Amino acid sequence: MNGPGHAVMGASFGTFASVMTTGTIDLQMIAISTIATSFADFDTGSKVRNKLSGNPLRTKIALIIMGLASTVYHFMHSSSFSLSTLASVVIVMIGLLMSPTQAKKAFFNVIAGVIGFTGIYYHQYWVTGLAVFIAIAPHTAHRTWTHSIWALMAMYFIFHGAEQAGVKGALIAGMAGYISHIVADMFTVSGVKLFYPIIDKNFGFKIMHSNQLWLQWGIIGATIVAFIGILLITGKLDGILNHPVVKVIAMGDL
């Protein structure tokens, strides 16, 4: 399934999860779910990875901006030159001095290093867990480890930590988004390696080629209809119909 398809699936799963758990549409949960669905495609050869790291100049600019922002933040909140401030300055220097080729290859490792250090520094180890995932994923084959049950376990640790840190709905929404990606890819003819590397076998329904967009959107539509049906049966559909935004759209005033 392509990127837009995964995004819609992630948003659909997030909407369904938010209504089932909170009784209404939770925009934060939908946003988390939509973002989480892209994590599975951080592996080698994925379009998400190529788009993020494919432009060396964009990578260098991102590193410089991130380093400068972090440096300014530390100077505003601390009068002393700390180790974290030094790390921020180093990030700026890396962005300035690295070649385009180095920028493309090092993008995910540098980003993972910054995120991982931040998690350790602020004792938010779920953030460090996310950094480890970001560092490992680009070095794995497409639709293998990041599409396995082991990745789901890693995501549970990460999103549970985010929930404990005060990000409301992070666990349910994050898991819903990540699962939506795996389920969507199971419809493709190649399937996914759910138990890789213990069992090197593709699992899935295997009914759709990546270029069959009509079938992709048909599957997405069927999923949304199924979710609406479940909400109707469980009496939770009113959580959507009574949402202020939906009412405004229904009245034609938006």
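In this text, all values refer to a predicted model and were calculated from it rather than measured experimentally. Start at 1 with the first residue, then count along the sequence. What you see below is based on every heavy atom in this structure, not just the backbone, and it leaves out hydrogens, waters and symmetry mates.
Under a cut-off of 6.0 angstrom, the local environment of NZ in K168 is sparse, with at most 12 non-hydrogen atoms contributed by other residues, nucleotides or ligands. Environment of CD1 in I172: sparse, with no more than 12 heavy atoms of neighbouring residues, nucleotides or ligands closer than 6.0 Å.
Atom CD1 of residue I30 and atom OG1 of residue T15 lie 3.5 Å apart, to the nearest 0.5 angstrom. To the nearest 0.5 Å, atoms CG (L232) and CG (L241) are separated by 9.0 Å. We find the OG-NE2 distance between S190 and H147 to be 8.5 Å, quoted to the nearest 0.5 Å. With rounding to the nearest 0.5 Å, the separation of CD1 in I158 from CD1 in I134 is 8.0 Å. A distance of 11.5 Å separates CE of M9 from CD1 of I182, quoted to the nearest 0.5 Å. Note: M20 CE to L231 CG = 6.5 Å, rounded to the nearest 0.5 Å.
Ring planes of F187 and F205: tilted class, angle from 30 to 60°.
By the rule that hydrophobic residues join a cluster once side-chain heavy atoms approach within less than 4.5 Å of another member, I199 and M153 end up as members of one cluster. Cluster annotation: I219 is connected to W214 through the hydrophobic network of ILVMFWY side chains, with a link wherever side-chain heavy atoms come within less than 4.5 Å. Hydrophobic clustering of Ile, Leu, Val, Met, Phe, Trp and Tyr side chains at less than 4.5 Å, counting indirect connections, keeps I115 apart from Y125. Under a hydrophobic clustering in which Ile, Leu, Val, Met, Phe, Trp and Tyr are joined whenever their side-chain heavy atoms come within less than 4.5 Å, directly or via other members, V132 and F159 fall into different clusters. Y122 is connected to F117 through a chain of hydrophobic side-chain contacts under 4.5 Å among Ile, Leu, Val, Met, Phe, Trp and Tyr, so both are in one cluster.
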Evaluation steps, side-chain contact (heavy atoms from CB on, under 4.5 Å), between D41 and R143: CA-CA 8 Å; D41 268 351; R143 292 189 184 176; 5.5 Å; no
From CA spacing to verdict: side-chain contact (heavy atoms from CB on, under 4.5 Å), L194, S148: CA-CA 4 Å; L194 280 177; S148 70; 5.7 Å; no
side-chain contact (heavy atoms from CB on, under 4.5 Å) evaluation trace for V8 with W217: CA-CA 10 Å; V8 174; W217 291 104; 3.8 Å; yes
Taking it one step at a time, do H139 and D43 satisfy side chain to side chain donor-acceptor pair (under 3.5 Å)? CA-CA 6 Å; H139 303 286; D43 50 15; over 6 Å; no
Carefully, step by step, assess M29 and I32 under the rule side-chain contact (heavy atoms from CB on, under 4.5 Å). CA-CA 5 Å; M29 290 183 68; I32 292 172; 5.6 Å; no
Walk me through it: do Q124 and W126 pass the test side chain to side chain donor-acceptor pair (under 3.5 Å)? CA-CA 6 Å; Q124 296 291 331; W126 65 274; 2.9 Å; yes
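Between V19 and T24, the closest side-chain pair of non-hydrogen atoms is not below 4.5 Å. In this structure, I207 and T188 have side chains that are not in contact, with every pair of non-hydrogen atoms separated by 4.5 Å or more. Residues T146 and I136 fail the side-chain proximity criterion, which asks for heavy atoms closer than 4.5 Å. At a threshold of 4.5 Å between non-hydrogen side-chain atoms, the residues T140 and F42 do not count as touching. Between D185 and M208 the shortest side-chain heavy-atom distance does not fall below 4.5 Å. Under the 4.5 Å side-chain criterion, counting only non-hydrogen atoms from C-beta, M155 is in contact with F39. Contact of the M1 side chain with the I220 side chain is registered, since non-hydrogen atoms from C-beta on lie closer than 4.5 Å. Counting heavy atoms from C-beta on, the side chains of I179 and L152 come closer than 4.5 Å.
Looking at D200 and K193, a side-chain N of the basic residue comes within less than 4.0 Å of a carboxylate O on the acidic one, giving a salt bridge.
Ring pair F195/F203: centre-to-centre distance below 6.0 Å. Residues F16 and F13 keep their aromatic ring centres 6.0 Å or farther apart.
Closest heavy-atom contact between D26 and Q28: OD1-N, 3.0 Å. Taking all atoms of both residues into account, the shortest heavy-atom contact from I120 to T128 is N-OG1, 3.3 Å. Residue T37 comes nearest to S180 through the heavy atom pair OG1-OG, 3.3 Å, listed as atom of the first residue, atom of the second, then distance. Nearest heavy-atom pair, I224 versus S12, reported as atom, atom and distance to 0.1 Å: CG1-OG, 3.5 Å. Between A162 and A170, the shortest heavy-atom distance links the atoms CB-CB, 3.8 Å.
Using modelled atom types and a 3.5 Å distance limit, the side chains of N2 and H6 yield no donor-acceptor pair.
The ring-ring contact (aromatic ring centres under 6.0 Å, His included) with F133 is formed by just one residue from the set F157, Y156, W145; it is W145.
Counting only distance, with no hydrogens or angles, the side chain of S33 and the backbone of G10 share a donor-acceptor pair below 3.5 Å.
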